[in-house]
J.: 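Sending over a structure as structure tokens; questions will come in a sec.
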There are 2 protein chains.
Amino acid sequence: MTEDGRLLRGERTRTAVLDRALPLATTAGLDGLSLGQLADTLGISKSGLFAHWRSKEALQLAVIDHARQQWTDEVIRPGMTAPRGVRRLWAVHDRRLAFYEDGHLPGGCFFANANFEYNARPGVIRDRLAVQLSDWMAFLTSLATDAIEVGDLRPETDAAGIAYETESLGVCAVMQAPVLGPVTFRHARHALHEHLRVLATDPTLLPELT
Amino acid sequence: MTEDGRLLRGERTRTAVLDRALPLATTAGLDGLSLGQLADTLGISKSGLFAHWRSKEALQLAVIDHARQQWTDEVIRPGMTAPRGVRRLWAVHDRRLAFYEDGHLPGGCFFANANFEYNARPGVIRDRLAVQLSDWMAFLTSLATDAIEVGDLRPETDAAGIAYETESLGVCAVMQAPVLGPVTFRHARHALHEHLRVLATDPTLLPELT
DNA sequence: CTACAAAACGACCGACCGTTCGTAAATAAA
DNA sequence: TTTATTTACGAACGGTCGGTCGTTTTGTAG
């Protein structure tokens with residue numbers, strides 16, 4: 001950081017590298033990510049990457065953190081603008097699906113891909129992914145708990161079950177979309193909509209589905 | 001094939017190779033599968049593999065077909081022994097979960113891993129995986145349609161929606177199990193159980209869940 | 001301007017990758 | 001047994017991988 005608050009050159013480089021590495025890792029896999037290819041598409045040298053990260057693994061961890069930041073900005077934060085309760089739960093679900101629906105992201109969901117890539121490879125990377133997954137499930141559960149507390153959902157509702165169903169519908173959508181097309185997002189929306197409508201004390205809190 | 005019906009030596013070798021390649025590909029990825037490592041663990045030479053498959057890609061396709069055969073034997077066929085209707089749909093769901101629940105398969109579900117690995121990589125392999133996924137979803141849908149036809153599920157039930165929900169619960173379970181443990185299988189069972197119970201004309205067709 | 005540290009580079013390394021090829025062993029049919 | 005074919009091997013190839021090292025360029029601070 002310079003004295004007038006501007007970013008150092010290195011900081012700008014790191015951000016540019018991670019911005020480019022994230023889609024590459026989403027497409028080729030976090031392990032299949034090639035440092036040579038990454039450097040080439042950025043117009044810098046491969047050895048130059050090692051001036052910012054000591055190893056490929058260190059860069060991979062940085063990519064995970066970068067993806068998490070993007071997830072927070074694009075899914076969680078917009079969803080949190082909805083009023084507390086079932087509307088907020090729905091907003092997060094809808095926002096997540098919308099994030100992938102138009103297909104502007106090559107490779108689909110980074111976290112889904114990475115979790116499946118590493119679910120049989122113990123190590124630092126899987127640990128970092130596991131933390132993200134745990135936190136995300138805890139967040140979804142807290143949304144469901146909130147919805148019960150404010151009276152949007154019936155008291156006997158299973159908050160963890162709602163969270164699991166929400167997550168499963170989202171994950172399946174990003175898996176099937178490249179093969180089966182946009183209908184998967186329709187299913188992912190309708191299924192949770194139906195489920196929440198049954199459990200809701202006031203079904204009008206949920207938007208109409210086309 | 002010899003005249004008395006025994007397998008040729010090559011046929012035995014091919015089966016042994018695929019038996020070993022399937023767990024390796026499930027763990028390291030279909031692309032990450034190393035021919036050298038595969039040959040080493042089998043006690044044969046790397047070049048010997050090329051006597052049976054012309055390229056790595058050809059072997060990868062064979063692995064997919066092998067996995068599909070295993071899936072048919074271990075999930076579909078046992079599930080089909082249940083009586084037609086909602087009990088058969090439930091049996092397939094339960095059988096699929098049980099197949100992964102005890103963790104005797106290193107790397108989780110081959111098809112889930114492979115689909116996420118290749119969902120952004122067009123080509124012969126993704127095409128083969130897409131056929132498998134389409135067929136599987138069509139199979140699940142046909143089970144739901146059957147259940148409606150025999151009167152187990154209410155006539156207005158959305159068969160494709162049931163199929164999508166069944167698949168999503170299963171996929172999410174194999175993704176989360178290594179991180180969150182067996183509770184994910186409990187969620188996957190309870191969610192579909194609850195859903196089917198609501199839609200069933202006779203809830204007693206479904207087994208009690210512990 | 002000088003001094004210093006951050007940043008980027010090119011050349012190179014050993015390891016592993018998928019693949020080819022000529023040859024030898026094993027097994028089938030005659 | 002002889003013959004033909006299948007199966008397997010060892011050696012080698014070009015290429016890519018992550019990573020190291022010494023050097024040069026770039027930008028900041030004094």
Side-chain angles (χ1 to χ4, degrees), chain A residues 1-22 24-25 27-64 114 117-118 121 123-126 128, chain B residues 1-22 24-25 27-64 114 117-118 121 123-125:
Chain A
M1 185 78 77
T2 60
E3 56 185 17
D4 59 349
R6 286 179 298 110
L7 292 176
L8 279 179
R9 183 160 70 121
E11 198 59 36
R12 274 186 284 119
T13 302
R14 275 187 284 274
T15 303
V17 169
L18 293 178
D19 280 340
R20 187 79 198 93
L22 182 52
L24 281 178
T27 305
L30 199 49
D31 189 64
L33 174 67
S34 157
L35 298 189
Q37 183 181 331
L38 173 61
D40 283 349
T41 70
L42 283 164
I44 67 176
S45 69
K46 189 172 58 165
S47 53
L49 292 174
F50 287 87
H52 300 279
W53 295 276
R54 72 178 68 187
S55 65
K56 179 180 182 178
E57 190 179 73
L59 193 149
Q60 290 171 312
L61 291 174
V63 169
I64 295 176
E117 187 180 2
Y118 279 90
R121 302 194 207 172
V124 197
I125 294 184
R126 200 188 76 163
R128 183 82 54 113
Chain B
M1 183 79 75
T2 62
E3 55 184 20
D4 59 349
R6 286 182 297 111
L7 291 177
L8 281 177
R9 184 161 70 120
E11 198 59 37
R12 275 186 283 119
T13 301
R14 277 186 283 275
T15 303
V17 169
L18 293 178
D19 280 341
R20 188 76 198 97
L22 182 51
L24 281 179
T27 305
L30 199 48
D31 189 64
L33 174 66
S34 156
L35 298 188
Q37 183 181 330
L38 172 60
D40 283 349
T41 68
L42 283 164
I44 68 176
S45 69
K46 191 171 53 166
S47 52
L49 291 174
F50 286 86
H52 300 279
W53 295 277
R54 73 180 63 187
S55 64
K56 180 180 182 178
E57 189 179 74
L59 194 150
Q60 291 171 312
L61 291 175
V63 169
I64 295 175
E117 187 180 0
Y118 280 89
R121 301 194 209 172
V124 197
I125 295 184

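Bear in mind that the values here come from a model prediction, so they are computed numbers and not experimental data. A note on names: the letters A, B, ... follow the listed sequences, proteins ahead of strands, and every chain is numbered from 1. Keep in mind that the numbers below use all heavy atoms, side chains included, and drop hydrogens, waters and symmetry copies.
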J.: Hey, is the side chain of B:Thr13 poking within less than 4.0 Å of OP1 or OP2 on D:dT7, counting only N and O atoms?
T.: no
J.: For B:Ser34, check side chain to side chain contact (heavy atoms under 4.5 Å, CB included) against everything at least two apart and list the hits.
T.: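 For B:Ser34 the side chain to side chain contact (heavy atoms under 4.5 Å, CB included) partners, ignoring immediate neighbours, are B:Gln37.
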J.: Listing time: all N or O pairs from protein to nucleotides 15-19 of chain D that are below 3.5 Å?
T.:
unit_1 : atom_1 : unit_2  : atom_2 : d
D:dC17 : OP1    : A:Ser34 : OG     : 2.9
D:dG18 : OP1    : A:Leu33 : O      : 3.0
D:dG18 : OP1    : A:Lys56 : NZ     : 2.7
D:dG18 : OP2    : A:Leu35 : N      : 3.1
D:dG18 : N7     : A:Lys46 : NZ     : 3.0
D:dG18 : O6     : A:Lys46 : NZ     : 3.4
D:dG19 : OP2    : A:Lys56 : N      : 2.6
D:dG19 : O6     : A:Lys46 : NZ     : 3.3

J.: Which whole-number value in Å describes the distance from B:Leu49 CG to D:dG10 P?
T.: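 After rounding, the reported distance stands at 13 Å.
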J.: Between atom CH2 in A:Trp53 and atom P in C:dA7, what is the gap in whole Å?
T.: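 So the CH2-P distance, A:Trp53 to C:dA7, works out to 11 Å.
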J.: B:Gln60 has an atom CD; how far is it from atom C1' of C:dG18, in whole Å?
T.: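 Roughly 11 Å, once rounded to whole Å.
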J.: Could you list the residues that satisfy side chain to side chain donor-acceptor pair (under 3.5 Å) with A:Arg126, not counting sequence neighbours?
T.: none
J.: Expressed as a whole number of angstroms, how long is the span from A:Arg12:CZ to C:dA7:P?
T.: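 Value for this atom pair: 10 Å.
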J.: Name the atoms and distances for all side-chain donor-acceptor pairs under 3.5 Å in residues 57-64 of chain B, with sequence neighbours left out.
T.:
unit_1  : atom_1 : unit_2  : atom_2 : d
B:Gln60 : NE2    : B:Leu30 : O      : 2.7

J.: Measure CD1/A:Ile44 against P/D:dT26 and give the value in whole Å, please.
T.: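 That distance rounds to 15 Å.
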J.: For residues 42-49 of chain B, which side-chain donor-acceptor pairs fall under 3.5 Å, sequence neighbours excluded?
T.:
unit_1  : atom_1 : unit_2  : atom_2 : d
B:Ser45 : OG     : B:Gly48 : N      : 3.2

J.: What pairs with A:Asp19 under side chain to side chain donor-acceptor pair (under 3.5 Å), at least two apart in sequence or on another chain?
T.: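 Scan of A:Asp19 (side chain to side chain donor-acceptor pair (under 3.5 Å), adjacent residues dropped) gives A:His66.
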J.: Kindly say if B:His52 contacts the phosphate of D:dA8, meaning a side-chain N or O under 4.0 Å from OP1 or OP2.
T.: yes
J.: Could you state the CG-C1' distance from B:Asp40 to D:dA8, rounded to the nearest angstrom?
T.: 15 Å
J.: Locate the shortest heavy-atom distance separating B:Lys56 from B:Asp31; write the atom from each residue and the value.
T.: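 Residues B:Lys56 and B:Asp31, closest heavy atoms: NZ-O, 2.8 Å.
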